[in-house]
There are 2 protein chains.
Amino acid sequence: MATIYEVSELAGVSLATVSRVMNKNTRVSEKTTKKVLDAMQQLGYKPNSIAQSLASNRTNSVGILVSELHGPFFAQMMAGIESALRAAGKHVIITTGHSEDDKEQDGIEFLISRKCDALILHVESVSDEYLIELSKGKTPIYLINRYVDELKDNCISLDNELGGYLASKSIVEQGHTNIAYIAGPQVKADARNRLKGHKKALHEKNIPFNDALFYEGDFNEIGGSKGLEYLLNTQLPFSALVCANDEMASGAMKYAREHGFNLPEDLSVIGFDNVIFANYLYPTLTTIDNPVEEMGEMAAKMVLQNVYQFKNLNINRVFEPTLITRDSTQAFLK
Amino acid sequence: MATIYEVSELAGVSLATVSRVMNKNTRVSEKTTKKVLDAMQQLGYKPNSIAQSLASNRTNSVGILVSELHGPFFAQMMAGIESALRAAGKHVIITTGHSEDDKEQDGIEFLISRKCDALILHVESVSDEYLIELSKGKTPIYLINRYVDELKDNCISLDNELGGYLASKSIVEQGHTNIAYIAGPQVKADARNRLKGHKKALHEKNIPFNDALFYEGDFNEIGGSKGLEYLLNTQLPFSALVCANDEMASGAMKYAREHGFNLPEDLSVIGFDNVIFANYLYPTLTTIDNPVEEMGEMAAKMVLQNVYQFKNLNINRVFEPTLITRDSTQAFLK
DNA sequence: TTGTAGGCGTTATCAG
DNA sequence: CTGATAACGCCTACAA
């Protein structure tokens, strides 16, 4: 492998000059530039990125931590991050946190020890304090799907309240008035905000929120089926079911079908997130689109702008969810 | 950040000794070892991985190239790779090839320029010759889901013929004799082998393969619906439909339902791959499990063994698919 | 605009 | 078993 030194020899210049034409930061005369470029070409020179990193203290790599590699979010998020970063010649180092406090911290330390220039984190268990402390270190961090007030400039999040509102508004507008709700774990901010949006939509139409038709699930399929079971046991009537995410909606739909419901005739169901399989369910699931890929891309852009000094990138920290209407909901027929 | 030099000072030894206790390759007396370890502890010393790489010519990183980040395979494959590698202190650099020849080559060059110690590739478009040439370079490559005879020791693949056989055998054993088949693109080896297995299963039971009930799809949902449309247009009777992957099965099922079929009463459908959403379809899809995660893990193990000299790892290059019985198939009722 | 030289933090090869 | 010391390949003041 040719080194910068050989290039400089062949081009008849000093090695510093070669370095300059590579990094384009100092003016080099056109003539010498050409000589150097030619020499590089001839030798098939490729800079050694490790040596570059050691000397410049920049690795051109950004670390990504996600909870699970096989979760529905990850792939889309990654797709957004990778393409943006790759186009800029940066690379992406991946690791997982498995939604456990210590494993998330482990992963973060691992990435830092790898000298990543920045971290994009999708963490669930680690505390706000930890993150605040971490942000004081020299590796900048960016948070996806998590909002910490002290770090708000580095947070990319979805307007969950708006999403919850849009979901329930669409249900209300279809004439439903007896509406059940399966929430996510209320310790999670996104779950709380989705519920808040739901209540707001009801309130706007003067529909009272019925505590008896509320169930707190776990964001998993099983929470959906258990939730519907619970709700049916109340013997209260309801024509629509709002779920705080698609997994729970899918669990609920399965349970409903197994118990003789025709969907959506007997029950309208709406989810949240628009994960890929939402479109494969039967009936296809009406849901709220969660633009994870765009959020990933935005995280990458923030890194490019703030860490790598790219210019003119449109930064947006809060994303707006949108309603995706499919076949699992329909107007209330009395 | 403390350097190895400061550690050596505090411990009162040379920096070479410190390096030795870190790398455990040369014997160091217990006393000095302890002194060094203590000093490290006191200073909170963390080795600089970049400097290590430059000096040792090893980056402890392995590059991964997949076609698409959001494909159904990727997440599972990654999960397998990442956990194995991470446990060994190696990290994973990701990039994508988008199933296009030049982009795949680009990605590979990118990873090599990053000085990855090895590459794990899930490539579809690049030619065998390219891969053979590539393998002569100094970065070892490992192939997932692709078999190149000249590189067979570095290939991890599924026994697709067996999978195809198992799928059709289960259909045949349920009493179906009029069986339609929607294949994958026959330019792809896996698609061909799955078909081969299908024919073998038919042959075993003396059921003739009916060319008129054969359709070559594209491995996408749309290929499944178009395929079924085509097959129905033949007016030939068939009670079961074998699809070469789950996407096509899902497309076919959707088409069937929209055209008044009751599933599985009117038509048994079987897929291949057992992607996550197979279990969310309605009815849930009987399919052939493709152990992508294990294959990913195995790729990681091969790298650990061959590149990083780990010992005692069980290596297995060919994986066996298994039948997953769900609700989309049932015995033929005449 | 260009060259010189020191440094980045390790590893690895020699002697001792 | 341990210590010097030369790589590793590049960046970046500082000088010219």
Side-chain angles (χ1 to χ4, degrees), chain A residues 1-40 43-61 89 112-117 138-139 308-309, chain B residues 1-40 43-61 89 112-117 138-139 308-309:
Chain A
M1 201 80 275
T3 72
I4 196 175
Y5 184 71
E6 303 173 41
V7 174
S8 75
E9 258 192 336
L10 181 59
V13 299
S14 83
L15 113 195
T17 304
V18 177
S19 172
R20 286 186 188 108
V21 341
M22 287 180 44
N23 298 308
K24 306 175 184 190
N25 42 15
T26 321
R27 289 226 64 76
V28 179
S29 80
E30 262 187 47
K31 250 187 212 163
T32 26
T33 302
K34 185 169 172 357
K35 278 194 297 187
V36 171
L37 258 23
D38 285 350
M40 285 180 173
L43 295 171
Y45 169 76
K46 301 261 196 274
N48 179 321
S49 61
I50 300 295
Q52 286 178 317
S53 298
L54 183 59
S56 67
N57 209 22
R58 279 268 233 66
T59 57
N60 290 311
S61 69
I112 289 181
S113 80
R114 249 37 200 179
K115 305 262 180 252
C116 293
D117 295 332
K138 71 174 185 181
T139 309
Y308 297 115
Q309 275 77 46
Chain B
M1 202 77 275
T3 73
I4 197 177
Y5 184 71
E6 303 173 42
V7 174
S8 76
E9 261 193 335
L10 182 59
V13 299
S14 83
L15 113 191
T17 302
V18 177
S19 174
R20 286 188 187 105
V21 340
M22 286 181 48
N23 298 306
K24 307 177 184 186
N25 42 17
T26 320
R27 289 226 64 75
V28 179
S29 78
E30 263 188 45
K31 252 185 208 163
T32 22
T33 303
K34 185 169 172 359
K35 277 195 298 188
V36 172
L37 258 23
D38 285 352
M40 285 180 172
L43 296 170
Y45 168 76
K46 300 260 197 270
N48 180 322
S49 61
I50 300 296
Q52 285 178 317
S53 297
L54 183 59
S56 66
N57 209 22
R58 279 267 236 69
T59 57
N60 290 311
S61 70
I112 289 181
S113 80
R114 250 35 204 184
K115 304 258 180 261
C116 292
D117 296 332
K138 70 174 186 181
T139 310
Y308 296 114
Q309 276 76 46

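When the side chain to side chain contact (heavy atoms under 4.5 Å, CB included) test is applied to A:Thr3, the partners found at least two apart in sequence or on another chain are A:Tyr5, A:Glu6. Shown here are the side chain to side chain contact (heavy atoms under 4.5 Å, CB included) partners of A:Ile112, two or more places apart in sequence or in another chain: A:Ile108, A:Leu119, A:Leu134, A:Thr139. For A:Lys34, the side-chain hydrogen bond (donor to acceptor under 3.5 Å, both in side chains) criterion is met by A:Asp38, not counting sequence neighbours. Contacts of A:Ser56 classified as side-chain hydrogen bond (donor to acceptor under 3.5 Å, both in side chains), with partners at least two apart in sequence or in another chain: none. Here B:Thr32 pairs with B:Ser29 under the side-chain hydrogen bond (donor to acceptor under 3.5 Å, both in side chains) rule; sequence neighbours left out.
Remark on DNA chain C: of its neighbouring residues A:Glu30 and A:Leu15, the 5'-side contact belongs to A:Glu30, judged by nearest-heavy-atom nucleotide. Residue whose closest nucleotide on DNA chain D sits further toward the 5' end, between B:Ser29 and A:Arg20: B:Ser29.
Taken residue by residue, residues 45-57 of chain A places heavy atoms nearer than 4.0 Å to DNA chain C at A:Leu54, A:Ala55. Taking a 4.0 Å limit (strictly below) on heavy-atom distances, residues 2-12 of chain B reaches DNA chain C at B:Thr3, B:Ile4.
Taking both residues in full, the closest heavy atoms of A:Tyr308 and A:Asp117 are given as OH-OD2, 2.6 Å, listed atom of the first, atom of the second, then distance.
Note: A:Asn60 CG to B:Arg114 CZ = 5.0 Å, rounded to the nearest 0.5 Å. Distance CG/B:Leu10 to CE/B:Met40: 11.0 Å, rounded to 0.5 Å.
For DNA chain D, the outermost nucleotides in 5' to 3' order that have an atom under 4.0 Å from a heavy atom of chain B are D:dC1 to D:dG9.
Residue contacts for A:Ser19: at a heavy-atom cut-off of 4.0 Å it reaches a base atom on one of the strands shown. Using a 4.0 Å heavy-atom criterion, one finds that A:Val18 contacts no nucleic acid atom at all.
A:Arg58 places its CZ atom 15 Å from the C1' atom of C:dC8, with the value rounded to the nearest Å.
Each end of the helix from C:dT1-D:dA16 to C:dG16-D:dC1 gets its own rotation axis from five pairs of C1' atoms, and the angle between them is 30° to the nearest 10 degrees.
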Determine all donor-acceptor pairs shorter than 3.5 Å in which one atom belongs to a side chain in residues 47-55 of chain A; sequence neighbours excluded.
from	atom 1	to	atom 2	distance (Å)
A:Asn48	OD1	A:Ile50	N	2.8
A:Asn48	OD1	A:Ala51	N	3.0
A:Ser49	OG	B:Ser113	O	3.2
A:Ser53	OG	A:Ser49	O	2.9
A:Ser53	OG	A:Arg58	O	3.1

Enumerate, atom names and distances included, each donor-acceptor pair closer than 3.5 Å involving a side-chain atom of residues 12-26 of chain A, sequence neighbours excluded.
from	atom 1	to	atom 2	distance (Å)
A:Ser14	OG	A:Ala16	N	3.2
A:Ser14	OG	A:Thr17	N	3.3
A:Ser14	OG	A:Thr17	OG1	3.3
A:Ser19	OG	A:Asn23	ND2	3.3
A:Asn23	ND2	A:Ser19	O	3.0

